[in-house]
Protein chains: 2
Amino acid sequence: MTSFIQTLGAAWQRTGSLLCVGLDPEPTKFPAALNGRSDAIFEFCREIVDATAPYACSFKPQIAYFAAHRAEDQLEALIAHVHEKHPGLPVILDAKRGDIGSTAEQYAREAFERFQADAVTVNPYMGFDSIEPWLEHKGKGVIVLCRTSNPGGSDLQFLDTAGRPLYQVVADLAANTWNASGELGLVVGATFPKEIETVRGIVGDMPLLIPGIGAQGGDVEATVKAGRTANGTGMLVNSSRAIIYASKGEDYAQAAATAARNTRDTINAFR
Amino acid sequence: MTSFIQTLGAAWQRTGSLLCVGLDPEPTKFPAALNGRSDAIFEFCREIVDATAPYACSFKPQIAYFAAHRAEDQLEALIAHVHEKHPGLPVILDAKRGDIGSTAEQYAREAFERFQADAVTVNPYMGFDSIEPWLEHKGKGVIVLCRTSNPGGSDLQFLDTAGRPLYQVVADLAANTWNASGELGLVVGATFPKEIETVRGIVGDMPLLIPGIGAQGGDVEATVKAGRTANGTGMLVNSSRAIIYASKGEDYAQAAATAARNTRDTINAFR
């Protein structure tokens, strides 16, 4: 059995990178050479993947960008491409699903059987019932939303619940109650480094997926110092737009590679 | 512009029904006659829709059941069928999406442009940023998860936040802060009639989508008395499995019609 946590740990060691490249393809931002191609979304992402793979520990396609364009087949092909050409780099399907019972089982089939993702992001609002069905898929990762990097993230996540904000309850549940599979992780935004530090204190070595550096403006030094584990890993530091749209010209893949390498190096300077 | 809230209000008056028929198609539960058909999911649901339409105020397909089987095209065809053959009965896409910014915009395109749903269910954990992009689609309904009917629903939703449980904060935000479009609704499970009553007290006449009767065992009388508005509407009382799997034989559509009519009548006995 392949284990997401073991694969990720090996990827951190082998690549020396904590960078997760987010794949949020928007056809209106593609270079002109891709115009009119029926596989433009796949081709754009494939070029990004192949160019940035030397500098990344993982990839994170966002399913909405494919679904809005009836491009599920291109997402399937993209993930298959990563597995074939870049084995050992886990693919996290960013779907933020949240449902229960047989519906959650269907979502898990979608993510893990249809799309062959190694891990998926999920939403905790419906509680453990909405996490448990994913755990039936042995070795697959489940990354639970905890503290998100958007301004409105505070609307619920920062509410005081008996002395601590809601996101800390989620971190505690994920680490100490829900993690029967040992394959859980958490999403914690880079815009709140002190909160990353608090979450790290609650969850031990659990992997943290950290969006919000790059285009969203989080401070890399503060983020890395707050989120790293004792061996200097434990984080998937995600950057999407700052890498994939580093250039809007025909040199987009090369520009993405440069941006990915620079981001990896900036992260590593503070590990 | 078509308005979800206006269409729903008209449907309640015209049909005399508060029943929402949930479409959670599982091929392993289909009658043998559909075996091997490439459009089995569409065909099963179409038969259910046509048979139950006289007794329903709306339909609620659950997207996971289509996505797990690469059947998005059948979901598109199904919703188009409802609009063509049963105009005036709104379709709620049960997707429970929750994301922000450009990602949420892509999800909204998926639900409203690709699938042509009249409303969608969304998850509030990421706050108003995750609601707002949906509101750009004028006249479309956005039904926010508030209190869900599963046991684990209490893990977060029942946490005390400064004197009231989290789900009441969500109800308050949805009714009094987030509802700029006037097209919001809430999901409140039938397993907690007292909480439905509390939510109704917070949100005025806002529509409540109420799962959990039928297969999940909620008490219809207590649910209806707790959730109805002054004119005896205000609720989409959802039943899925108890209707669509009323028979596993070739008479499934006829059995679904009977179950839908009986459920409508049971609901109406307490309005």
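All values below come from the heavy atoms of this structure, side chains included, with hydrogens, waters and symmetry mates left out. A note on names: the letters A, B, ... follow the listed sequences, proteins ahead of strands, and every chain is numbered from 1.
The distance from the CG atom of B:D160 to the OG1 atom of A:T161 is 8.5 Å, given to the nearest 0.5 Å.
When each of B:G127, B:G153, B:P124 is scored by its heavy-atom pairs under 4.5 Å with chain A, the top score falls to B:P124. Comparing B:D24, B:L145, B:I131 by heavy-atom pairs within less than 4.5 Å of chain A, the highest count is held by B:L145. Of the residues considered (B:W178, B:F115, B:F66), B:W178 shows the highest number of contacts with chain A, using heavy-atom pairs under 4.5 Å. Across A:A111, A:S154, A:P151, A:G98, the residue that shares the most heavy-atom pairs under 4.5 angstrom with chain B is A:P151. The choice from A:N123, A:V169, A:V170, A:T148 that makes the most heavy-atom pairs within less than 4.5 Å of chain B is A:N123. Contacts with chain A were tallied for B:T177, B:L159, B:D94; B:L159 has the most, counting heavy-atom pairs under 4.5 Å. The residue among B:I63, B:L173, B:D99 with the most heavy atom pairs within less than 4.5 Å of chain A is B:D99. Counting heavy-atom pairs under 4.5 Å between each of B:Q106, B:R109, B:H69, B:E110 and chain A puts B:Q106 at the top.
With a 4.5 angstrom heavy-atom cutoff, A:T121 does not touch chain B via any of its atoms. Proximity to chain A is limited to the side chain of B:E26, based on heavy atoms less than 4.5 angstrom apart. Interface residue B:A162: only backbone heavy atoms are found under 4.5 Å from chain A. Of the atoms belonging to B:Y167, heavy atoms from both backbone and side chain fall under 4.5 Å from chain A. For a residue to count as touching a neighbouring chain, one of its non-hydrogen atoms must lie under 4.5 Å from one of that chain's; by this rule B:E105 does not touch chain A.
Residues A:S102 and B:Y65 form a side-chain contact, since some pair of their non-hydrogen atoms from C-beta on lies under 4.5 Å apart. Side-chain contact between B:L166 and A:L166 is present, with at least one heavy-atom pair separated by less than 4.5 Å. Contact of the A:L156 side chain with the B:M126 side chain is not registered, since no non-hydrogen atoms from C-beta on lie closer than 4.5 Å.
With A:Y125 contributing its side chain and B:C146 its backbone, the two residues share a donor-acceptor pair below 3.5 Å. For B:N150 (side chain) and A:D129 (main-chain N/O), no donor-acceptor pair under 3.5 Å exists by modelled atom type.
The residues B:E72 and A:R114 are annotated as salt-bridged, a charged nitrogen and a carboxylate oxygen being separated by less than 4.0 angstrom.
Residues A:A95 and B:Y107 approach most closely at O-OH, 3.2 Å, considering heavy atoms.
The neighbour count for A:K248 NZ, taken as heavy atoms of other residues, nucleotides or ligands under 6.0 Å away, does not exceed 12.
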